[in-house]
There are 2 protein chains.
Amino acid sequence: MDVDVAGASTATATATADDARPAGTGRRRGRPSTPVLSQEAITRVTLRLITRRGYEAFTLAALAKELHVSVSALYNHAASKQQVLLWAQDAINATIDTGPFATLPWDEALASWARSYRDAYADVTPLIPVMAVLPVSDAPGSLAMYETVVAALVEAGWSGGEAVNAVVAVESFVFGSALDTAAPAEIFDVSEDAAPVFAAAVADRHRRYGRGAATADAAFDLGLDALLAGLRARHGSGA
Amino acid sequence: MDVDVAGASTATATATADDARPAGTGRRRGRPSTPVLSQEAITRVTLRLITRRGYEAFTLAALAKELHVSVSALYNHAASKQQVLLWAQDAINATIDTGPFATLPWDEALASWARSYRDAYADVTPLIPVMAVLPVSDAPGSLAMYETVVAALVEAGWSGGEAVNAVVAVESFVFGSALDTAAPAEIFDVSEDAAPVFAAAVADRHRRYGRGAATADAAFDLGLDALLAGLRARHGSGA
DNA sequence: TCATTATATGAATGACGTTCATTATTGTCA
DNA sequence: TGACAATAATGAACGTCATTCATATAATGA
């Protein structure tokens with residue numbers, strides 16, 4: 001995925017440098033000439049760590065090591081591990097494409113948004129349960145996303161309340177589907193004796209849609225089409 | 001929720017006893033006359049603990065205490081904490097009601113199943129990411145559920161492959177929605193300055209649907225109706 | 001009877017998140 | 001210029017957690 005952290009081109013002089021690494025060889029204590037840590041650096045390395053090595057590998061020790069810094073130094077910038085995850089959440093949400101809402105009818109834009117949303121989270125599924133439950137208030141990237149999406153629905157004639165419900169519903173489907181992409185390919189491998197109809201249906205599914213990621217995609221496509229067809233039926237197609 | 005663990009009426013002599021508690025006052029070491037622990041007892045107390053005190057409170061220490069047993073004793077029965085959670089998963093899935101598939105048209109039965117599914121998991125949201133990703137093979141309760149649901153869809157004329165996709169899609173929506181029920185009521189509390197349209201929409205939502213759990217329910221209802229309308233449009237209504 | 005097996009125990013281990021006293025550098029104000 | 005607060009790093013604790021291990025004892029069965 002390789003998320004571009006918000007403000008990538010602002011203060012950070014490190015730019016494309018290999019990684020935060022003090023110029024002097026092995027300075028030890030006290031305030032360094034130029035700060036090693038920042039929300040931006042922490043967030044960038046956090047996303048890289050989770051994407052490459054998975055969530056279990058994401059410990060503050062690993063994060064600190066990657067940043068060439070002591071664990072306790074992290075606490076000068078982040079109040080907790082939870083906060084670091086919040087930053088990561090916001091950075092991910094900032095990458096979700098809301099552009100289509102400016103040009104396409106609401107239903108097509110919503111579909112496009114849902115796909116972008118699922119893609120963004122498929123790499124970081126362990127964050128989903130954390131995310132799905134966290135306040136949006138102090139996450140500017142997430143907030144901007146909701147504003148755009150809900151505004152487009154209201155513009156198209158939805159009431160505010162139903163617009164939020166529709167967004168939450170689509171979001172729920174997206175989160176669930178992103179989790180599904182993390183499931184092992186053999187999740188439904190099952191003996192014919194134990195569940196004959198189900199086993200046959202799973203075999204048929206593989207014949208039609210392939211294996212692994214392809215099956216998760218097929219289920220997502222079917223569900224998204226159905227969900228949007230239902231929403232359209234309720235409010236008339238857009239534009 | 002109060003899940004009835006599978007096999008509640010089998011070997012366990014404890015029956016309705018307050019809790020596993022050795023008859024003799026404070027026996028200390030060695031094999032007891034009658035075993036305190038069993039998969040059934042561990043699973044029952046696990047579900048009670050998670051339901052009542054939340055997932056964060058579910059530690060092996062807490063589990064052992066509730067069972068009046070040492071932590072290490074648990075390892076004579078379960079290989080790991082993960083395994084204990086797997087048992088819990090299967091017990092929960094066994095409580096999901098698939099009865100309607102025997103009598104109702106597929107779409108109504110699917111809706112009823114989805115509601116039962118969401119209710120079952122709303123109390124144990126932290127299990128969702130564990131669950132959504134775990135193989136179904138050695139979980140007899142889960143397997144039986146899939147067999148019933150898929151068989152009903154195939155009976156109604158769905159191809160096996162699409163039936164599985166539809167089930168996965170509904171399941172994804174259910175998991176996502178169950179996560180949503182765990183969100184704090186103030187998750188969307190936001191200042192009007194930062195996101196005016198969104199803030200107004202959230203206010204409208206509260207006016208129409210109430211606060212807290214009621215809003216999550218409204219979003220779930222809207223999404224489920226839409227999803228099923230879309231699936232119906234694709235395959236004709238049931239019966 | 002006596003070895004084996006099942007089931008419990010407490011103590012030790014190592015990983016983790018978090019706190020704290022300490023140290024060194026920077027920027028600001030008299 | 002010199003004092004001083006603020007900033008940003010450090011290593012050493014701490015408490016909690018899951019897991020392992022050596023040990024003890026009751027039940028089972030040959």
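Letters A, B, ... mirror the listed sequences (proteins, then strands); counts begin at 1. Not measured: the values here are computed from a predicted model.
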Item checked: Proximity to DNA chain C (any heavy atom under 4.0 Å), residues of residues 70-80 of chain A only -> Val71(A), Ser72(A), Tyr75(A), Ser80(A)

Note to self: Could you work out, with side-chain contact (heavy atoms from CB on, under 4.5 Å) as the rule, every residue matching Ser112(B), not counting sequence neighbours?
What the structure shows: Pro100(B)

Item checked: Integer-rounded Å distance: dG17(C) P and Phe58(A) CZ -> 8 Å

Next item on the list: Grab the CG-C1' distance between Leu63(B) and dC17(D) for me, whole Å please.
Entry: 14 Å

Notebook entry, point to check: Quick one: side-chain contact (heavy atoms from CB on, under 4.5 Å) partners of Glu192(B), sequence neighbours excluded?
Noted result: Ala199(B)

Check: Starting at CG of Leu85(B) and ending at P of dA18(D), how long is that distance when rounded to a whole Å?
Finding: 10 Å

Notebook entry, point to check: How close or far is atom C1' of dT7(C) from atom CG of Leu37(B), stated in whole angstroms?
Noted result: 9 Å

Under 3.5 Å, which donor-acceptor pairs link side chains of residues 163-173 of chain A to any protein atom two or more places apart or in another chain?
residue	atom	partner	partner atom	Å
Asn165(A)	OD1	Arg205(B)	NE	2.7
Asn165(A)	OD1	Arg205(B)	NH2	3.1
Glu171(A)	OE1	Tyr146(A)	OH	3.4
Glu171(A)	OE2	Tyr117(A)	OH	2.6
Glu171(A)	OE2	Tyr146(A)	OH	2.3
Ser172(A)	OG	Val168(A)	O	2.9

Check: Whole-Å distance between dG14(C) P and Leu60(B) CG?
Finding: 19 Å

Note to self: Suppose we screen for side-chain contact (heavy atoms from CB on, under 4.5 Å). Which residues come up paired with Asp221(B), at least two apart in sequence or across chains?
What the structure shows: Arg115(B)

Margin query: Which residues pass the salt bridge (Lys or Arg N to Asp or Glu O under 4.0 Å) test with Arg118(B), not counting sequence neighbours?
Written below: Asp217(B)

Next item on the list: Rounded off to whole Å, could you give me the CD-to-P distance for the Gln82(B) and dT19(D) pair?
Entry: 9 Å

Check: Paired with dA30(D): which nucleotide, if any, by Watson-Crick or G-U wobble criteria at under 3.5 Å for both distances?
Finding: dT1(C)

Next item on the list: For Lys65(B) and dG10(C), give me the distance from atom NZ to atom P, rounded to whole Å.
Entry: 14 Å

Note to self: Less than 3.5 Å apart, any donor N or O on the side chain of Ser142(A) or Asn93(A) sitting next to an acceptor on the other?
What the structure shows: yes

Notebook entry, point to check: Starting at CD of Glu56(B) and ending at P of dG17(C), how long is that distance when rounded to a whole Å?
Noted result: 17 Å

